[in-house]
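Data block below; observations after.
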Amino acid sequence: MSKRIKVFLVFAILINIIVLSTIFYFSFTDKTIVSYLQNPKEIYILEAGILKNNLITKDGSDISISYDYDSEALLVLKEKYKLEKIAGSGSNLDKALNVMNEFAPRLKHKSDYDNSITIEALPLLEYSLDNKKHGINCRNKAQILLEMLLSLNIPTRKVWIMPYSPYDIDCHVVNEIWDDKLDKWVMLDITNNEYWIDDNKTPLSCIEIKEKGANMEFCTPIHPFESMEDLEKLQSSYYGDFLYIMKNMVYLEYRDKYGVGEQGNPLLFIPSTFSTNELVISRKALEHK
């Protein structure tokens, strides 16, 4: 047998081995990862169960929360960015939604932003506003909205909403504003340019969203001034944001003072099963202005 024929036979055998191996792999190997979580609704069932099991909160103190409306930096902020004109007229919520809707699209999100700029609205806006190269995270966006609304004399606070798993290092930071018309707190999420409503179209606070989620009662994110004609369709269109917020509603962190820059002591609103040496705030304190 010539050398050329031997080489050809070896090559043909190798080709056959490769082809047969490929056929065997695709015929007898299941490469699909099978999970008990097959769709978003099942993920929500998982998240709702976590919230339900952590719904009873630890008894806390009626700690007062203060809001600084008179800083010189707030006056500069209000005038430089024409906030009164942007806010317009109406209730506190109307004004806050106008401001959030104006600035949310102009602040690029960057989850791994290193917090290198002073956490105050003026330097943060100088760094990031209308600059796609300088993204910032939710913590800093919430600080910008906080100071903007305080400059308009709207009671506003910054809230860290937190997940259950100790291995989950991702949380979210939002705002709550006191609406003078509804006489209640309303959560605003400037990162996603959203607030939340229930099936009666009533805007919700962080605590109310957590309770709705835990009890699997209807609520949904919504963009400012978006149609509320079909709430089920609305929830479906924002279901990714819905699941993300529900994941991060197990416990809440507030501060006892809000103004220019991050101030005050942390106040935790936590499940009764949690243990902590930090200050725990009562629901009553959080529900009142």
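Here the NZ-NZ distance, from Lys52 to Lys210, works out to 11.5 Å after rounding to the nearest 0.5 Å. Atom CD of Glu176 sits about 12.0 Å away from atom CG of Asp189, to the nearest 0.5 Å. In this structure, CD1 in Ile161 is found 4.0 Å from CE in Met249, a value given to the nearest 0.5 Å. To the nearest 0.5 Å, atoms OG (Ser151) and CD (Glu79) are separated by 10.0 Å. We find the NZ-CG distance between Lys80 and Leu125 to be 8.0 Å, quoted to the nearest 0.5 Å. The OH atom of Tyr69 sits 10.5 Å away from atom CG of Leu149, with the distance rounded to the nearest 0.5 Å.
Using modelled atom types, one finds a donor on one side chain and an acceptor on the other under 3.5 Å when comparing Asp114 with Ser116. For the residue pair Asn175/Thr156, the side-chain donor-acceptor check at 3.5 Å is not satisfied. Side chains of Asn92 and Asp179: a donor-acceptor N/O pair is absent below 3.5 angstrom, by distance only. With 3.5 Å as the limit, one finds no donor-acceptor pair spanning the side chains of Tyr81 and Glu102. For the residue pair Ser91 and Asp180, no side-chain donor N or O sits within less than 3.5 Å of a side-chain acceptor on the partner. Between the side chains of Asn131 and Lys108, no donor N or O sits under 3.5 Å from an acceptor N or O.
Residues Tyr195 and Ile86 are members of one and the same hydrophobic cluster, defined by side-chain heavy-atom contacts under 4.5 angstrom among Ile, Leu, Val, Met, Phe, Trp and Tyr. Cluster membership check: Ile169 does not share its hydrophobic cluster with Tyr164, using side-chain heavy-atom separations under 4.5 Å among Ile, Leu, Val, Met, Phe, Trp and Tyr. Linking ILVMFWY residues whenever their side-chain heavy atoms come closer than 4.5 Å, directly or via other members, leaves Phe274 and Leu55 in distinct clusters. In terms of hydrophobic clustering, with Ile, Leu, Val, Met, Phe, Trp and Tyr side chains grouped at heavy-atom distances under 4.5 Å, Leu75 and Leu150 are assigned to different clusters. In the hydrophobic clustering of ILVMFWY residues, with side-chain heavy atoms under 4.5 Å counting as a link, Ile209 and Leu46 come out together.
For the pair Lys184 and Glu287, the salt-bridge criterion is not met [side-chain N within less than 4.0 Å of a carboxylate O]. Taking 4.0 Å as the cut-off between side-chain N and carboxylate O, Glu253 and Lys158 do not count as a salt-bridged pair. Looking at Lys181 and Asp183, no side-chain N of the basic residue comes within less than 4.0 Å of a carboxylate O on the acidic one, giving no salt bridge. Ion pairing between Lys78 and Glu72 fails under the 4.0 Å rule for side-chain N and carboxylate O.
Aromatic ring pairs are classed by plane angle as parallel below 30°, tilted from 30° to 60° and perpendicular above 60°; the pair Tyr127 and His134 is parallel. Between Tyr244 and His172, the ring planes are perpendicular. Angles over 60° get that label, and only those under 30° would be called parallel.
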Exercise for the section: Would you please test Tyr258 and Leu146 for side chain to side chain contact (heavy atoms under 4.5 Å, CB included) and show each step? Expected result: CA-CA 8 Å; Tyr258 293 103; Leu146 168 76; 4.1 Å; yes

Handout entry: Working for salt bridge (Lys or Arg N to Asp or Glu O under 4.0 Å), residues Lys95 and Glu84
Key = CA-CA 9 Å; Lys95 295 175 183 177; Glu84 287 184 330; over 6 Å; no

Exercise for the section: Give the intermediate values and the outcome of side chain to side chain contact (heavy atoms under 4.5 Å, CB included) for residues Glu232 and Phe218. Expected result: CA-CA 9 Å; Glu232 293 289 345; Phe218 182 86; 3.9 Å; yes

Handout entry: Step-by-step side chain to side chain contact (heavy atoms under 4.5 Å, CB included) determination, Asp199 to Thr220
Key = CA-CA 8 Å; Asp199 53 356; Thr220 182; over 6 Å; no

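Taking a 6.0 Å sphere around CD of Glu126, one finds it holds 12 or fewer heavy atoms contributed by other residues, nucleotides or ligands. Surrounding NZ of Lys257 are at most 12 heavy atoms belonging to other residues, nucleotides or ligands under 6.0 Å away. Summarising the local packing, CD of Glu217 is surrounded by more than 12 heavy atoms from other residues, nucleotides or ligands at distances under 6.0 Å.
Looking only at distances, a side-chain donor or acceptor of Glu147 sits under 3.5 Å from a matching main-chain atom of Ala121. In this structure, the side chain of Asn101 does not engage the main chain of Leu97 through any donor-acceptor pair within 3.5 Å. For the pair Asn98 (side chain) and Ala87 (backbone), a donor-acceptor distance under 3.5 Å is present. For Thr276 (side chain) and Glu278 (main-chain N/O), a donor-acceptor pair under 3.5 Å exists by modelled atom type. Distance alone, capped at 3.5 Å, is enough to place a donor-acceptor pair between the Asp256 side chain and the Asn265 backbone. The closest donor-acceptor contact from the side chain of Lys141 to the backbone of Leu107 lies under 3.5 Å. The backbone N or O of Ile136 lies less than 3.5 Å from no partner atom in the side chain of Asn140, so there is not a single donor-acceptor pair. Distance alone, capped at 3.5 Å, places no donor-acceptor pair between the Thr118 side chain and the Glu120 backbone.
Nearest heavy atoms, Ser282 versus Gly60: CB-O, 3.6 Å. Shortest non-hydrogen contact noted between Lys212 and Leu204 is CG-CD1, 4.3 Å. What you find for Tyr44 and Gly213 is that their closest heavy atoms are OH-O, 3.1 Å. When every heavy atom of Ile50 is checked against every heavy atom of Asn54, the shortest pair comes out as O-ND2, 2.8 Å. Residues Ser89 and Asp94 share a closest heavy-atom pair of O-CB, 4.0 Å. The shortest non-hydrogen separation linking Ser227 to Leu234 is O-CD1, 4.2 Å.
Residue Ile281 forms a side-chain contact (heavy atoms from CB on, under 4.5 Å) with just one option from Ile270, Thr57, Ile65, and that option is Ile65. If you run side-chain hydrogen bond (donor to acceptor under 3.5 Å, both in side chains) between Asn137 and each of Asn115, Asp112, Thr191, only Asn115 comes through. With Pro203 as the fixed residue, the side-chain contact (heavy atoms from CB on, under 4.5 Å) test singles out one of Asp198, Val186, Ile177, Leu188: Val186.
At a threshold of 4.5 Å between non-hydrogen side-chain atoms, the residues Ile197 and Thr202 do not count as touching. Taking the side chain as every heavy atom from C-beta outward, Met187 and Val159 never approach each other to under 4.5 Å. Counting heavy atoms from C-beta outward, Ile245 and Pro221 have side chains that stay 4.5 Å or more apart. Under the 4.5 Å side-chain criterion, counting only non-hydrogen atoms from C-beta, Glu47 is not in contact with Leu51. For the pair Lys284/Ser61, no side-chain contact is recorded, criterion being any heavy-atom separation below 4.5 Å from C-beta on. Using a 4.5 Å heavy-atom threshold, the side chains of Asp168 and Lys247 count as touching. The shortest distance between side-chain heavy atoms of Arg157 and Trp185 falls below 4.5 Å. Within the 4.5 Å cutoff, side-chain heavy atoms of Phe269 are placed close to those of Leu286.
Checked against the 6.0 Å centroid threshold, Tyr238 and His223 count as a close aromatic pair. Ring centroid separation for the pair Trp160 and Tyr251 does not come in under the 6.0 Å cut-off.
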